[in-house]
Amino acid sequence: MASAKERSVPPAAARNEVSSGSARWLRMPLLAAAIAAAIWWLPKWPGVLEGRDRAFLVDPAWFELESGPDWLAGDLAGSLRESLALLEATPLRDDRKVAALTRALAGASGWVESVDAVTKRYPNQLEVAVTLREPVALVESEHGLVLIDRHAVVIAAAAESAEYLARHELPLLHLARPLRVANPGQKAVDPWLDEGLRVAVELAPFRSDLERRGLAVQVIDLTPKQRSEGSAITDVELYTRAGLVLEWGRSRGHPQFGALEPRAEAKVRGLMRVAARYPELAGIKRVRLQFSEPSVLFATEAPLAGGGDVPGGGS
């Protein structure tokens with residue numbers, strides 16, 4: 001009994017303990033409700049998170065080229081930086097806005113063919129890996145010469161691409177009339193342009209060999225048929241740096257009987273045989289490469305119907 005009395009709790013003390021426990025259980029739900037209200041209210045209060053959001057802003061004006069070809073680091077990088085500076089800063093934590101910024105980056109320069117990877121670098125950097133378009137030719141437009149890729153997409157004005165052109169020699173496509181649409185990133189629509197690009201792509205693998213032989217093609221002329229009112233026996237004429245005329249016929253990809261043309265490598269081999277047979281091609285005015293065996297026309301012979309020594313001129 002004595003031990004039982006020692007373990008008993010006085011009635012007043014028991015009431016105090018019960019009251020204290022109830023208070024603790026009451027305070028906990030109230031505290032949780034207060035935290036939830038604060039989480040809901042803080043973003044709605046102007047200025048509370050503004051400074052924190054600024055810390056996560058990606059500003060395209062702060063463009064840095066981490067890696068890429070040497071020619072991209074000069075004026076082209078400056079032009080790209082100017083284009084990106086026009087884009088708005090974007091919160092790195094907002095995936096929807098980051099996706100919109102990525103699409104804007106893809107269209108900021110005609111050099112950008114595709115955006116291949118986007119990586120967030122917190123707190124305020126966005127790493128973007130892109131594939132650049134590869135120019136295959138120069139073409140005349142109403143606003144001057146432009147670089148163009150194999151898909152007829154205008155890349156940039158030649159006047160803004162000095163670093164690239166200093167390292168890469170491109171043939172000039174001569175059309176009957178200059179391109180009207182020459183905005184970077186846009187595709188130009190012209191059937192003769194398409195044929196010229198197909199020929200430029202065919203010639204590209206042999207450019208270094210032709211250069212070593214002094215036969216590098218400077219001009220791809222798409223006007224023989226127009227100049228001769230359809231009587232020329234070639235659709236395309238090539239002009240070397242020395243002024244030699246090469247009748248190419250048409251590309252293998254031409255929709256009208258292009259598959260009947262000799263392959264590009266066969267035409268180039270035929271040209272090399274002519275160069276070996278006639279050292280320095282002395283006295284030769286033009287070489288016909290569109291047949292199974294090439295033939296030559298000497299300067300003393302009568303010109304072909306519709307032929308001309310200068311693209312765009314007559315005879």
Side-chain angles (χ1 to χ4, degrees), residues 28-136 141 143 146-157 159-161 163-164 179-189 197:
M28 289 180 65
L30 288 176
L31 180 59
I35 292 174
I39 293 174
W40 175 85
W41 170 77
L42 278 174
K44 301 178 182 298
W45 188 262
V48 172
L49 295 180
E50 185 178 349
R52 186 173 178 83
D53 283 341
R54 279 200 299 268
F56 289 91
L57 283 179
V58 174
D59 190 348
W62 295 93
F63 162 77
E64 181 179 349
L65 182 64
E66 186 173 297
S67 63
D70 293 340
W71 52 264
L72 189 59
D75 291 342
L76 292 178
S79 176
L80 183 58
R81 186 175 288 107
E82 291 177 2
S83 298
L84 294 178
L86 301 176
L87 303 179
E88 294 184 358
T90 300
L92 193 61
R93 296 181 296 176
D94 190 325
D95 290 341
R96 182 178 58 82
K97 291 185 177 180
V98 168
L101 175 61
T102 301
R103 291 192 295 270
L105 291 173
S109 171
W111 285 98
V112 178
E113 181 174 9
S114 64
V115 175
D116 304 325
V118 178
T119 305
K120 295 180 180 181
R121 303 294 187 194
Y122 283 100
N124 58 359
Q125 291 185 351
L126 191 66
E127 184 178 294
V128 181
V130 304
T131 295
L132 299 177
R133 288 193 172 93
E134 182 179 356
V136 297
S141 79
H143 305 288
V146 295
L147 283 69
I148 197 164
D149 75 357
R150 64 187 301 163
H151 304 295
V153 176
V154 176
I155 297 176
E160 300 173 357
S161 308
E163 286 90 351
Y164 182 88
L179 290 179
R180 298 184 61 185
V181 177
N183 297 323
Q186 286 189 329
K187 184 173 182 177
V189 179
L197 292 173

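Just so you know, these numbers come straight off a predicted model, no measurement behind them. Note: hydrogens, waters and symmetry copies are ignored here, and every other heavy atom, side chains too, is used.
With hydrogens and angles ignored, the 3.5 Å screen pairs a side-chain donor or acceptor of Arg133 with a backbone N or O of Val112. Although no hydrogens or angles enter the test, the distance criterion places no donor-acceptor pair under 3.5 Å between the side chain of Asn183 and the main chain of Gln186.
The line from CG of Leu57 to CG of Leu126 is 12.5 Å long, rounded to the nearest 0.5 Å. Atoms CD and NE2, on Glu113 and His151 in that order, are 6.0 Å from each other to the nearest 0.5 Å.
What you find for Leu92 and Pro123 is that their closest heavy atoms are CD2-O, 3.6 Å. Nearest approach of Tyr164 to Leu147, heavy atoms of both residues: CD2-CD2, 3.8 Å.
For the pair Leu87/Leu101, a side-chain contact is recorded, criterion being any heavy-atom separation below 4.5 Å from C-beta on. Counting only heavy atoms from C-beta outward, the side chains of Ser161 and Trp111 approach each other to under 4.5 Å. With a 4.5 Å cut-off on side-chain heavy atoms, Lys120 and Asp95 count as touching. Residues Tyr122 and Arg93 form a side-chain contact, since some pair of their non-hydrogen atoms from C-beta on lies under 4.5 Å apart.
Dense packing is recorded around CZ of Arg81, with more than 12 heavy atoms of other residues, nucleotides or ligands lying under 6.0 Å away.
Annotation: side-chain contact (heavy atoms from CB on, under 4.5 Å) contacts of Ala106 (sequence neighbours excluded): Val115. Under the side-chain hydrogen bond (donor to acceptor under 3.5 Å, both in side chains) criterion, Thr131 pairs with Asp116, not counting sequence neighbours.
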